[in-house]
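Quick notes on the structure that follows.
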Amino acid sequence: MARYGPNVHDVLIVGGGGAGLRAAIAVAETNPNLSIAVISKVYPMRSHTVSAEGGAAAVIKPDDSLDDHAYDTISGGDWLCDQDAVEAFVKEAPEAMIRLEHWGCPWSREENGSIAVRPFGGMKNKRTWFAADKTGFHMLHSMFQTTLKYDPILRYDEYFVTSLLVDEGRCQGVVALELATGKIEPIAAKSVILCTGGCGKVFPFTTNANIKTGDGMALAYRAGVPLKDMEFVQYHPTGLPFTGILITEAARAEGGRLLNKDGYRYLQDYDLGIPEDKPVLRSMELGPRDRLSQAFENEKEKGRTLDGPYGAYVHLDIRHLGQEVIDEKIPFVRELCRKYENIDPVHEMIPVRPVVHYIMGGIHTDINGATSLDGLFAAGETACVSINGANRLGSNSLTELLVFGARAGSAAAEYASSQSSFGTRLDALATDEKKRIEKTFFNSNGNRSERVADLRKKMHNAMEQGAGIYRTEASLKTSGETLSVLRERFKKISLEDKSYTFNTEFVSAMELSYMFDVAEAIIESALKRTESRGSHQRMDFPERDDQNFLTHSLAYKTGQEIARIEYLPVTITRWPPGERKYGQ
Amino acid sequence: MQKKRSNDPFWWTLFGAGGTISAFFIPVHVLLFGIAMPLGWISVPDYETLLQLAQHPVTRLYIFALVSLSLFHWAHRFRYTLYDGLMLKHLEHYIFIFCYGSALAGTVITGVLIWTI
Amino acid sequence: MSTRYERYRPTSYHHKMSIFWWVKRKPYMLFIIRELTSIFVAAYAIILIVKLNALKQGAEVWEALLVSLSGPFSVTVHIVVFIFVLFHSITWFKLAPTAMVVKIGKKKIPGSIIIAVNFMMWILLSGGIVWILLQ
Amino acid sequence: METTINLQVLRYIPEKDPDPFYQEYEVPLREEWVILDALNYIKDQIDGTLSYRWSCRMGVCGSCGMMVNEKPILTCETFLEKYMPGPIRIAPLNYFGVIRDLVVETDGFMEKVKRVKPWIIRDKEKAPLEGEYLQTPEELSEYKQYSMCINCMLCYSACPVVGLEPQFIGPAAIALAQRYNYDNRDEGQNQRNDVLLTDDGIFECTLVGECSEVCPKKVDPAGAIQRYKVQGATEWWTSVLLPFGKK
Ligand SMILES: Cc1cc2nc3c(=O)[nH]c(=O)nc-3n(C[C@H](O)[C@H](O)[C@H](O)COP(=O)(O)OP(=O)(O)OC[C@H]3O[C@@H](n4cnc5c(N)ncnc54)[C@H](O)[C@@H]3O)c2cc1C
Ligand code: SF4
Ligand code: F3S
Ligand code: FES
């Protein structure tokens, strides 16, 4: 909107995924007079939300209850969730989902035309809404198409944010690079919402898309905002070897079985219940993701997994479901297996292994998405409002985008309305940033020789070896040291590509620098948490320790190499910590 | 700024009708009258029979529809072939008049012939 | 506060389409041939007009036309026309289901059935014409 | 020695050379590699200056479309082996302006998508608390196929009319319009007709049909357009024959 002239807005949203678009609509609905901008390094419909398959959870059926949803979430999260946030989340989830239905999302239906739901791992009742097995795709496209009808929402497509503009103690916009032209410019706003998604790409083997490099986390972290609970990285138990393509949990929800090399349903050996023919909620294959991935690791130790060119794997068997169910409920699973593994799951078993999937941690926010920096908000996978605790319950994330995207949107709109002016140093800050980029990346003198791909590969190895499903003090320390060495080497980065037009090598280099920050926070937080909880499993501290660690870890960026870790108590309202029981 | 709706639906309807009727009937016509009869594979009906047949109201309607719609089928398709295949979009108006004009002329001639036969 | 410094304003490259674009790929070639069948459809419509005219002029004119139509030139032309209109019919019926969605009850009829029905009708109608003429 | 395959990749770097040229690379031929893996190999190991878009690597984000041996495909789901023994010629998508190497301009396409009003239009909207709109599985199946479009633009690159008539609104956008027209929750068809029954709309399409052939998600835009033509024609005749019946 021309009210301010170009590049000046009321609310600026970084990220055009599910969270970002939902936030944008929320701002437009809160106050239609605000100028809203969405910046995204890819066209919004390319955002990673598009890959989500299985579904989104919200209570809608009469035999379900908000308390059950809250309990499943909290126990799934090994009691590290903030329960006030979870309560708000489960309460607002159904309305958020119905809204999306009104915006045209093609949810799968019951015969009578009402919403159909399916079970998901770790749930007492069926409550996962789905659009076949392309839920994220349909949600993202419905939302993107809906944003097109709001005139106040402007887009900066294929702009890459390189830093936040912080002046007078408030976040007042970003500096961004227009990929097509190489133009680096400030984009000012009275409030900024980071919705930049996760950071799976710090690991080598992940379901995450190429763009999930934790940019927003690093941006906030560099601006002094703490990252919360970064040690909690979720492995999904069923990814395709080599590609890491996800085989959705819905495959197990519909009745898929995990078999080791002897064709044995090994999960029964890991306190996950007894095998039944039909899928049983919160049992066996429908246990939580952390436990299933850990069971795989143990099977591997015992030599009961199969060996392939890309490491150990087990089988996911859905043959008994029959072609009709597969084509109706999980057609994408079949499509992916045929395309990428050249097998037809109607007749063959699917090779799978655990794969890095999601990060529970993220930018520390309150229940409205506000961070500790005035004017800066965050939502979606990049944020941590703490509903996911130590292990996210499958299908809570998509709903989280809606509920907390909307909350952050309204909060940011309100904040923007309360501000009347901009700081005076924004242009100067942007010029500094431009100089920094010029110096770090486009400077050809000196003995620069480090390549992005090399450093990235080394970082991947360090993260996989040091911060995988099972961790020890030694493994984490070694990885931490490798990271320091790599960061040092990064200072000598050299780009072959000196062009200003769509320079993807530069973008990869920036992303790598973001990933170093995120990796550092993960390693440090994991090192300091001397207990095992949810997805964070320490071989040297195998027990959960509520005495000392019923707390969130907060990683702060310091001048030095190593993050400073502080702790914040978990909010408990109605569900005192208990044992996580599955298979009953 | 809203654009005007185009009249193409009208021409397209004629094109479609012509395409269908010609697809069903023209091959057999060509085969019988153009190939089989001249080569003597089958005998040619004599003049009187044919004339009688042609004067039957159903045949009149059939011939009229077949000829006219086939021409409009051509007109529409050929118009776009000239636009796209030969990249003559800049001659749009002439092409338009030439194509549908010819079809219209053919239709009128056929109408007169059929009426007076 | 707009500071749009333009270091370099790149120009995007636009490929010019060749007038022979349709020779590049087989499907395009087939498409152009399909479109050109319309010329042969029209040609036959004109032949029909000529015949009608002859029929109207009387038996003599008609006979004369028949003679000239049985010459090798005319037969060759008709064979060419025949090939093209055949191509027209086949492509036309094959495309029929793209525009039509036919349902029986709640089930969509698959396109292949619609095509098959079209082909059957085609044979029946052609047979009908043959029958009328050979009466 | 590992077997390799030859890739001829179109390069365009406007600052350097006003004309595009083909550059050759030799990459390992691995059974499990798709074309995109080969490009990533080039980018990481041979030539860091090559630019192209990609993200999901699972055929759903729609960013990695390119012309491979003259045919538009998604490079993340097409195996190298298919092109044995090579060479493989890789170029940016046809009929879009090339920004750099394999990266094309997308703005025009995005504008067309917006122009067909791809959102639910209703006279009266229901409040969320009143619950969901009902939609039976059959009603869903009416438009489901058209909702599968990933905006990969392959169909635009396959359609010569798009090349000849840059104004033509194009296959995916029309399929998207149909996706909403056939949704029983929507009442906006008349507004979309205003956009699509014009000169840039559906009647530009001469049913080349390649759009549907190359579509990786079987959206069948050609079918969507044909069905729209039938609707358009019906609409036209009703408005002529029943001039007063139209609202
Ligand atoms: C394969 C897969 C399947 C999944 N399935 C499910 C499921 O079934 N159910 C469920 O609940 N969850 C699922 N998830 C998790 C869920 O999809 C994600 O957590 C969620 O989509 C994240 O959405 P987002 O809006 O936070 O971020 P994203 O959708 O990742 O969007 C991030 C946005 O930020 C932009 N951006 C990032 N960095 C920058 C920068 N520097 N400058 C400018 N823009 C930037 C990007 O362009 C993008 O638009 C799945 C995840 C994966 C990987
Ligand atoms: S219709 Fe098919 S080819 Fe065209 S953009 Fe959509 S998915 Fe791609
Ligand atoms: S290729 Fe083009 S001409 Fe029509 S059928 Fe498809 S849009
Ligand atoms: S990379 Fe997403 S579609 Fe190919």
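Here is how names work: the chains are called A, B, and so on, in the same order as the sequence lines, proteins then strands, and each is numbered from 1.
Interface remark: of the candidates B/A54, B/A103, B/S22, B/S22 forms the most heavy-atom pairs closer than 4.5 Å to chain C. With chain C as partner, the option from B/S70, B/P45, B/G85, B/S102 having the largest number of non-hydrogen pairs under 4.5 angstrom is B/G85. Counting heavy-atom pairs closer than 4.5 Å to chain B, the top residue among C/Y28, C/W21, C/F31, C/F93 is C/F93. Of the listed residues B/L50, B/T49, B/T110, the one with more heavy-atom pairs under 4.5 angstrom with chain C than any other is B/L50.
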For C/I132 and B/L53: C-alpha separation, side-chain torsions, deciding distance, then whether side chain to side chain contact (heavy atoms under 4.5 Å, CB included) applies. CA-CA 9 Å; C/I132 291 175; B/L53 192 62; 4.2 Å; yes
* Yes or no on side chain to side chain contact (heavy atoms under 4.5 Å, CB included) for B/F78 and C/E35, after CA distance, side-chain angles and deciding distance? -> CA-CA 7 Å; B/F78 195 60; C/E35 297 299 284; over 6 Å; no
Worked verdict on C/W92 versus B/F25 for ring-ring contact (aromatic ring centres under 6.0 Å, His included) | CA-CA 13 Å; C/W92 191 265; B/F25 295 108; over 10 Å; no
ask   = Taking it one step at a time, do B/D84 and C/W22 satisfy side chain to side chain contact (heavy atoms under 4.5 Å, CB included)?
value = CA-CA 10 Å; B/D84 300 342; C/W22 38 271; over 6 Å; no
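Contact check for C/L55 versus B/Y47: side-chain heavy atoms found under the 4.5 Å cut-off.
Note that the CD atom of C/E63 and the CG atom of B/D46 stand 8.5 Å from one another [nearest 0.5 Å]. If you take CD1 on B/I114 and CG on C/L52, they are separated by 5.0 Å, rounding to the nearest 0.5 Å. Distance check: B/L71 CG to C/S38 OG gives 10.5 Å after rounding to the nearest 0.5 Å. One finds the CZ atom of B/F33 at 10.0 Å from the NE2 atom of C/H78 (value rounded to the nearest 0.5 Å). A distance of 11.5 Å separates CE in B/M37 from CG in C/L69, rounded to the nearest 0.5 Å. Remark: B/I26 CD1 to C/S126 OG distance equals 11.5 Å, nearest 0.5 Å.
Proximity to chain C (any heavy atom under 4.5 Å) is restricted, for B/V44, to the side chain, taken from C-beta onward. Heavy atoms of B/F64 lying under 4.5 Å from chain C are absent altogether. With a 4.5 Å cut-off on non-hydrogen atoms, B/T20 touches chain C through its backbone and its side chain both. For C/S18, the part sitting under 4.5 Å from any heavy atom of chain B is the backbone (N, CA, C, O) and nothing else. Looking at C/I123, neither its backbone nor its side chain comes within 4.5 Å of chain B, counting heavy atoms on both sides. The contact between B/I117 and chain C is made by backbone and side chain atoms together, counting heavy-atom distances below 4.5 Å. For B/L31, the parts lying under 4.5 angstrom from a heavy atom of chain C are both the backbone and the side chain. For a residue to count as touching a neighbouring chain, one of its non-hydrogen atoms must lie under 4.5 Å from one of that chain's; by this rule C/L36 touches chain B with the side chain only. Residue C/V77: no heavy atom, backbone or side chain, is found under 4.5 Å from chain B.
Around NZ of C/K94, the count of heavy atoms belonging to other residues, nucleotides or ligands within 6.0 Å does not exceed 12. Within 6.0 Å of the NE2 atom in C/H15, the count of heavy atoms belonging to other residues, nucleotides or ligands does not exceed 12. Atom CZ of B/F10 has more than 12 neighbouring heavy atoms from other residues, nucleotides or ligands inside a 6.0 Å radius. Within a 6.0 Å radius of NE2 in B/H93, other residues, nucleotides and ligands contribute 12 heavy atoms or fewer.
Of all non-hydrogen atoms in B/A23 and C/S89, the two that sit nearest each other are O-OG, 2.8 Å. Between B/P38 and C/V75 the shortest heavy-atom distance is CB-CG2, 3.9 Å. Residues B/F24 and C/W122 come closest through the heavy atom pair O-CD1, 3.3 Å. B/V30 and C/Y44 make their closest contact through CG2-CD1, 3.7 Å (heavy atoms, listed as atom of the first residue, atom of the second, distance). Scanning both residues, C/I129 and B/H29, for their nearest heavy atoms gives CD1-NE2, 4.5 Å. The two residues B/R77 and C/T37 come nearest to each other via the heavy atoms NH1-OG1, 3.6 Å.
By the 30° and 60° cut-offs, the orientation of the rings of B/H73 relative to C/H88 is tilted.
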